[in-house]
There are 2 protein chains.
Amino acid sequence: MTDLIRSWVESANAPDTDFPLNNLPYGVFSTNGSDPRCGVAIGDQILDLARMEADGLLTCDGALQTGRWNAFMAQGKAAWAALRANLTDMLAEGSGREAALRGYLVAQSDAVLHMPFDVTEYTDFYAGRHHAFNVGTMFRGPENALPPNWLHIPIGYNGRASSVVVSGTPVTRPNGQLKGPNDDAPRFGPSQRFDIELEMGAIVGQPSNGPISVAEAFDNIFGYVLLNDWSARDIQAWEYQPLGPFQAKATATTISPWIVTAAALEPFRTSTPEREKTLLPYLAEPAPMLYDIALEVGLTPKGGSETILSRTNYREMYYSAAQQLAHHTSSGCPMRVGDLLGSGTISGPTKDSRGSLLELSWGGKEPLTLDTGETRSFIEDHDTLALRGAALGEGYRIGFGPCTGELLPARKLEG
Amino acid sequence: MTDLIRSWVESANAPDTDFPLNNLPYGVFSTNGSDPRCGVAIGDQILDLARMEADGLLTCDGALQTGRWNAFMAQGKAAWAALRANLTDMLAEGSGREAALRGYLVAQSDAVLHMPFDVTEYTDFYAGRHHAFNVGTMFRGPENALPPNWLHIPIGYNGRASSVVVSGTPVTRPNGQLKGPNDDAPRFGPSQRFDIELEMGAIVGQPSNGPISVAEAFDNIFGYVLLNDWSARDIQAWEYQPLGPFQAKATATTISPWIVTAAALEPFRTSTPEREKTLLPYLAEPAPMLYDIALEVGLTPKGGSETILSRTNYREMYYSAAQQLAHHTSSGCPMRVGDLLGSGTISGPTKDSRGSLLELSWGGKEPLTLDTGETRSFIEDHDTLALRGAALGEGYRIGFGPCTGELLPARKLEG
C-alpha cells in the first residue's frame, strides 16, 4: 500500500477528499456554458488539461481537445503512463509549477460535469454471486438459485449504449408492458417496480479483434466508474424469457463522471474468491485483477434526508472485469475503445450489503424503513439515488465522486 | 404496383437485374484500393455520387464525402426524397444527362464493396412466428413452443454492433464453452453447431429520444438490407439462461452491401398477419408496414455447386420493423442514426421455407442432402452461405445483391 502523495493543491491532501494526487481521475467539464473540456480532478479543483494542451503545456496529439477521453485512450498504455507521470510531477508538492499552473485550476463547484467518454457499446454482466443467488432464490427457489452455467461463465448480455448518462441526469420512470402472474393479459403503463443496481463499470481503452487472454484484457482496461443499471423489474419479469432483458434495462444507466484509472487502483488489487468449480483455462487469472473498493447506496426522498441503504465492496465479485472482457472476446467478438462493461450487481453476504432494492426488500415482501420513517420496496417518484465508492488507502482515498440520479414521474399516456 | 422506370443505363432495364432505376440502393465502394466512396447501384454499374458531389453535380452538404451513409441519413426525409428524385431524373431514359454522367459510372465488377454505414448499435428480434414455433418445439415441446409473451411483444435483445460485417467477409468458426446435456462439465472448443439465420435488417435513419409511435417509427426507417445472424447453437444452449444469447451471436453478423430504401420498397408494402391476440395500442399498425420480399438461402461447399436450402418471404413476419422500433423506444430508450434492427429469422410454414439449419435439419436429426450428394446438419468449414432477396414487380425486381460469407476453420487453441 502506498502513502498519500502530497500536492501543492492543498485540498488534495485532506484525508477525506476523493481526489488526492494518487487518484488523478479524468473527466469532462464545462464552465458558464463553455464547450466540454478534458480535465483531471485534484482535491476540490479541476485542472483544465484541454487548455493546458492548447497552450503547449502538455502534448497529447490534440486528444485533449476532443471533449471526450476516447482519443486519448486510443493512444495506448505508453501515453496513459506518460500523462499520469507528467501530471503527478507537475502537481506534486515542491514541483515548482504552482505559479504556472494555478491559472488552469477551476473549482469543481463552478463546473458542470459531462459524459467523460463516448460509450461505444455497453455490456452488462451478472457476476456477483450473492446477487445471483438472491435473485435466483426469489425466482426459482434456493435449490435452483444459481443457473448451472453460473460457476463456469461470467454471464453477460448486451445493453444499450445510447441510454448511458452521466451522474446528475434525471431518469424518467419508464412505461412498458406489465403482466402479473394472475393477470389475463398484459397492459401498458408505468413500471411499479423500478430499481437500481449497484455496479462498477470497466472501460475498454484498447481495441482487440479476436480472442484475448485475461492478462491482455487486464492491460486493455483503461479505468473504472461507478455504474447504476436502473432496472424495471416488472417489465423484465414479463419480457425476459427466452432472450433476456431488453426494455427493462434500456431507460438509463448512470455512470459517475470521473474515470478512475487502473493505474490509480493498482495498490488495491485483490483476488476473486476461491472456487468450488475450477475455471476453464481461458478464464484463469494469472494475478489478482479485482479491486478492494468500498461502495454504498443512499436514497434521498424529495425534501428529505438521505438513508444509506447498503454498504458493500467490489471485491465481492466472482469474476473480475478482466475475466469478463476475455470471455467477451472468446467468440472472436471485436472490442473497441470506449466499450463499457458493467460488473453486475455487487451484493455482499449480509442483508445490509445488498446492491438492489429487489434484494433489500426481498421482492417487495420486506419493505425498508428510511431514516425519515417512510418505507420503500422500490423507488418512488422524486427519490434521488446515489452510489459512492472509494478504495481506502492509509490516510487517503481513491474516490469516484457520486453517481446520482433523481427519478421523475412516468410520461403520461395518450387516451 | 408501378412499372419499370427505364434508364439510359441499358443494363438497368434487364428484367433480371437487382438494380433497375426503381431501386437506387445506396452503397460504399472502392476501386483499385481507393478510399471508400458513396455510390448508387444502377444495372451492372455504380454511379459515383461522391465524385459527383465533389464536382458540384449534386449538393448534399458534403455528406457523400464521408465514405458512409450515416451523415446523409441524418439529414432527414426531405433530403432523402430530394436525392432520390434527382437521381431518378438524371438516370431516366431521355434525361439528356447521359453524356455528362457516363464518366461517373464504375462497373460493379471493378469495385470492392464496403460497409454502407457505421452500425451504431445492433438489436436482433425474434419476430417470425414459424421460427419461434419451430425452435420452441425443439427445446420445449409443441405445447410450450411460443413463450407466453410472444404474441404480445416483439421479443428482442441487444446484439453486438462491432461484429457486423459486409457481404463477402469470411467468418471464423468460433470457439466457446460447450456442454452437452450428458457432460459433467463444460469444455472450451470449436462450435460444432454453427448456423445461419435468414433475416432482414432495418436501418434507423433518424434519431429519437423517447417513446415514438409505430407511424413515427416507420418514418424513421431509412432502408433495409439482408442480414445473416450467424449463430453458434451449442454455445447458445449452454450460455443463454437466464440473460439471453451473448457469445453465441457475437462472432459475426453479415449484411448485404446495398441499402435498399424504404422509398424503393413502397409499392411492396403488405400487412402483418391477422392476430389471435389483439396488440396493445402502442404496437398497432396504422397501415401496412411489412414488405413482400422473396428470399432464399444457398449453400456452396468448397469447390462444389450451390444448393438452395430454403425459399421464404419477409411477409411471414409477425411484427414489422416499425412495430419493433416503436417497442424498442417504449422504455424511453434513445435511438440513433445507424442503429440496425434484425427482423428475427424468417421461416415460412413449410419445411423448405425455414430460415436456419437448426430448423431445416430439425436440430441435426434430419440432415439435409445437398445437390452434390453431401449431407449437412450444420455448416462445415469452407461452406459459403448466401442470402438473396428481391421484391418482385411487373417486369422488374427491387433486389438487394447477395449477402454471402465463407466459414473458415476455428482458431487453434493453445496447449
Side-chain angles (χ1 to χ4, degrees), chain A residues 120-124 126 136 139 147-149 152-153 155-163 172 174-177 179 185-188 191 210-211 232 235 238-252 277 280-282 327-328 330-336 339 411 413-415, chain B residues 120-124 126 136 139 147-149 152-153 155-163 172 174-177 179 185-188 191 210-211 232 235 238-252 277 280-282 327-328 330-336 339 411 413-415:
Chain A
T120 310
E121 294 191 68
Y122 167 48
T123 310
D124 193 32
Y126 184 63
F139 290 170
N149 52 22
H152 301 278
I153 299 181
I155 294 293
Y157 65 99
N158 297 297
R160 183 74 194 176
S162 67
S163 70
T172 301
N175 292 297
Q177 283 204 26
K179 182 179 173 299
R187 62 194 172 78
F188 190 80
S191 169
I235 295 174
W238 172 232
E239 78 173 358
Y240 92 108
Q241 290 284 13
L243 298 183
F246 184 47
Q247 290 307 285
K249 300 278 196 169
T251 300
K277 303 274 190 189
L280 285 163
Y282 84 101
H327 178 68
H328 206 320
S330 60
S331 67
C333 180
M335 305 300 296
R336 296 179 291 189
D339 284 339
R411 291 174 180 86
L413 299 175
E414 288 172 26
Chain B
T120 311
E121 294 192 68
Y122 166 48
T123 310
D124 193 32
Y126 184 61
F139 289 170
N149 52 20
H152 301 280
I153 299 181
I155 295 292
Y157 66 98
N158 297 297
R160 183 74 196 176
S162 67
S163 70
T172 300
N175 292 298
Q177 282 203 27
K179 182 179 173 299
R187 61 194 173 82
F188 191 79
S191 169
I235 295 174
W238 171 232
E239 77 173 359
Y240 92 110
Q241 291 285 13
L243 297 183
F246 184 48
Q247 290 306 286
K249 300 279 195 168
T251 301
K277 303 274 189 191
L280 285 164
Y282 83 101
H327 178 67
H328 207 321
S330 59
S331 66
C333 180
M335 304 300 296
R336 295 180 291 188
D339 283 340
R411 291 175 180 86
L413 299 175
E414 288 171 26

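Every chain is numbered from 1 and lettered A, B, ... according to where its sequence line falls, protein lines coming before strand lines.
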task = Check whether T123(B) gets within reach of chain A through its side chain, its backbone, both or neither, counting any heavy atom under 4.5 Å.
result = side chain
For chain A, the option from I235(B), T120(B), D339(B) that forms the most heavy-atom pairs under 4.5 Å = D339(B)
Contacting region of P147(B) [heavy-atom separation from chain A under 4.5 Å] = side chain
remark   = From the list P334(A), G244(A), A250(A), the residue making the most non-hydrogen contacts under 4.5 Å with chain B is P334(A)
request  = Could you tell me if the ring centre of Y282(B) sits under 6.0 Å from that of F188(A)?
outcome  = yes
Pair N158(A)-F246(B), side chain to side chain contact (heavy atoms under 4.5 Å, CB included): steps then yes or no = CA-CA 7 Å; N158(A) 297 297; F246(B) 184 48; 3.8 Å; yes
message = So for L243(A), is it side chain, backbone, both, or neither that comes closer than 4.5 Å to the heavy atoms of chain B?
response = both
task = Identify which of Y240(A), W238(A), Y126(A) forms the greatest number of heavy-atom pairs closer than 4.5 Å to chain B.
result = W238(A)
message = Does any backbone or side-chain atom of D124(A) lie under 4.5 Å from a heavy atom of chain B? Answer side chain, backbone, both or neither.
response = neither
ask   = What residue in G176(B), P245(B), A185(B) has the most heavy-atom pairs under 4.5 Å with chain A?
value = P245(B)
inquiry  = I'd like to know which of P281(A), P211(A), S163(A) tops the heavy-atom pair count under 4.5 Å against chain B.
reply    = P211(A)
message = Applying side-chain hydrogen bond (donor to acceptor under 3.5 Å, both in side chains), can you list everything that pairs with R411(B), at least two apart in sequence or on another chain?
response = none
inquiry  = I'd like to verify something: which residue of P174(A), A248(A), G332(A), P186(A) has the highest number of heavy-atom pairs under 4.5 Å with chain B?
reply    = P186(A)
remark   = The residue among K249(A), Q247(A), E239(A), Q177(A) that forms side-chain contact (heavy atoms from CB on, under 4.5 Å) with S331(B) is Q247(A)
Chain A contact via L280(B) - side chain, backbone, both or neither, heavy atoms under 4.5 Å = side chain
request  = Among G210(A), S191(A), G136(A), P242(A), single out the residue with the greatest number of heavy-atom pairs under 4.5 Å to chain B.
outcome  = P242(A)
Check: N149(A) side chain, Q241(B) main-chain N or O, donor-acceptor pair, under 3.5 Å = yes
message = Quick check for you: to the nearest 0.5 Å, what is the distance between H152(A) atom NE2 and R187(B) atom CZ?
response = 14.0 Å
message = Using side chain to side chain contact (heavy atoms under 4.5 Å, CB included), reason through I153(B) and K179(A) one step at a time and then give a plain yes or no.
response = CA-CA 12 Å; I153(B) 299 181; K179(A) 182 179 173 299; over 6 Å; no
Region of P148(B) that comes under 4.5 Å of a non-hydrogen atom in chain A = both
ask   = Side chain of E121(A), backbone of S162(B): donor and acceptor closer than 3.5 Å?
value = yes
